[in-house]
Amino acid sequence: MPQDEQRVAIVTGAARGIGAATARRLASDGLAVAVLDLDADACKATVEAIASAGGRALAVGADVSQSNQVQAAVETVAAELGPPAVLVNNAGVIRDNMLFKMSEDDWDTVLGVHLRGAFLMTKAAQKYMVEARFGRVVNLSSSSALGNRGQANYSAAKAGMQGLTKTLAIELGPFGITANAVAPGFIVTDMTASTAARVGMGFEDFQAAAAGQIPVRRVGQVDDVAHTISFLASEGAGFVSGQVIYVAGGPLC
Ligand code: NAP
């Protein structure tokens, strides 16, 4: 890549939470960042934070589970920022319930956003990476991939992300593209706040209870995850591929 060319990253679900922190971090690493979320207006704060720190960012609205929207979004990014070299498949939703009460809609929605979304986004972005003979795909899995009560849909999607990642690593590796998954444990975001609300606990108490079970005795912050993604997206991580890195304050198995 010529030295004056700026690489472009797409981060999905980047209006808030882990995605917003990752977008800010990749921008501070020197990438131009497409901040993609369901509603382009919701991306404004992340884009402004990047711009006011001297970076380059673009708000893009798309539902990652809809192929026509994904195709249009990736083409917009390529036209307005440049061909995507880094893709972080982070967009996510939860629809927790015990299996016997879980609706088909809740199953389809969760599998649709996480797994179908990552499939569609990667399929659309990889052609630019193959052309450039360089790419970094980072997929958000979760410690729930190992099984979690009330999350049959989410756990299946997050385990699926790991299988998808390993296959992407095999198929895209010959073109200079790596694919890895980051599997966070408990991270303080709106998602964990909604889980606390669902089980009827205050968020502070919920965090304290979780921290007690984690070897480093604290819950995770969005920057813990963004830091790991930054490493996997970096030029120097080119020999790390097909891996799942748990960002969970301790070993999980
Ligand atoms: P979050 O705060 O709920 O943010 C998720 C973002 O994804 C939201 O901005 C949401 O938009 C967006 N989104 C949802 N559906 C979308 C779609 N179809 N297309 C585009 N964007 C969509 O979640 P988070 O906690 O930061 O989690 C980020 C990722 O990390 C998820 O994949 C999650 O499963 C994973 N993760 C989180 C934790 C944790 O402890 N927080 C642990 C393990 C893994 P709206 O606001 O419009 O819904």
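Numbering of residues begins at 1 and proceeds along the displayed sequence. Since the structure is predicted, the reported quantities are computational estimates derived from the model, not experimental observations. Whatever order the structure lists ligands and atoms in, that order sets their numbers, starting from 1.
Closest to atom 48 (O) of ligand 1, if we only count protein heavy atoms, is Arg16 NH2, 3.5 Å. Of the protein's non-hydrogen atoms, the one nearest atom 41 (N) of ligand 1 is Thr189 OG1, 3.1 Å. Here the heavy atom of the protein found nearest to atom 23 (O) of ligand 1 is Met191 CE, 3.6 Å. Distance from atom 42 (C) of ligand 1 to its nearest protein heavy atom, with residue and atom name: Gly185 O, 3.1 Å.
Contact of the Val35 side chain with the Ile50 side chain is registered, since non-hydrogen atoms from C-beta on lie closer than 4.5 Å. The side-chain heavy atoms of Val182 and Asn139, taken from C-beta on, include no pair separated by under 4.5 Å. Using a 4.5 Å heavy-atom threshold, the side chains of Leu232 and Val240 count as touching.
For Arg136, there are no side chain to side chain donor-acceptor pair (under 3.5 Å) partners at least two apart in sequence or on another chain.
Among the atoms of Ser143, none of the N or O lies under 3.5 angstrom from an N or O of ligand 1. Residue Gly19 has no nitrogen or oxygen atom sitting less than 3.5 Å from a nitrogen or oxygen atom of ligand 1, judged on distance alone. For the pair Ile187 and ligand 1, the shortest N or O to N or O distance falls below 3.5 Å. Distances between N or O atoms of Ser65 and those of ligand 1 include no value under 3.5 Å. Considering backbone and side-chain N/O of Val64, one or more are found under 3.5 Å from N/O of ligand 1.
Taking 4.0 Å as the cut-off, Gly112 does not count as a neighbour of ligand 1 on heavy-atom distance. Ligand 1 is approached by Ser141 to a heavy-atom distance shorter than 4.0 Å.
Screening Thr189, Asp37, Asp190 against Arg16 for a side-chain hydrogen bond (donor to acceptor under 3.5 Å, both in side chains) leaves a single residue, Asp190.
Of all atoms in ligand 1, listed by their number and element, those nearer than 4.0 Å to a heavy atom of His114 are 32 (O), 34 (O). When each atom of ligand 1 is checked for a heavy atom of Val93 under 4.0 Å away, the hits are 14 (C), 15 (N). The Pro184 neighbourhood of ligand 1 comprises atoms 42 (C), 43 (C), 44 (C), with distances under 4.0 Å to a heavy atom of that residue.
By the 4.0 Å N-to-carboxylate-O rule, Arg218 lies close enough to Asp224 to be salt-bridged with it. A salt bridge is defined here as a Lys NZ or Arg NE, NH1 or NH2 lying under 4.0 Å from an Asp or Glu carboxylate O, and Asp96 with Arg198 meets this definition.
Ring to ring, Phe175 and Phe134 are not that close: their centroids are 6.0 angstrom or more apart.
Taking both residues in full, the closest heavy atoms of Val33 and Ala23 are given as CG2-O, 3.7 Å, listed atom of the first, atom of the second, then distance.
With Leu140, Thr12, Asn90 as candidates, the residue nearest to atom 31 (C) of ligand 1 on a non-hydrogen basis is Asn90. Counting heavy atoms only, Asp37 comes closest to atom 8 (C) of ligand 1 of the residues Val70, Ile18, Asp37. When Cys43, Ala62, Ser142 are checked for heavy-atom proximity to atom 20 (C) of ligand 1, Ala62 turns out nearest. When the heavy atoms of Asp63, Val35, Thr192 are ranked by distance to atom 18 (N) of ligand 1, first place goes to Asp63. Taking each of Gly220, Ala210, Gly92 in turn, the one with a heavy atom nearest to atom 5 (C) of ligand 1 proves to be Gly92.
Arg25 and Ser230 are linked by a side-chain donor-acceptor pair at a separation below 3.5 angstrom, with hydrogens and angles left out of the test.
By the rule that hydrophobic residues join a cluster once side-chain heavy atoms approach within less than 4.5 Å of another member, Val247 and Phe231 end up as members of one cluster. One hydrophobic cluster, built from ILVMFWY side chains closer than 4.5 Å, holds both Tyr128 and Leu172.
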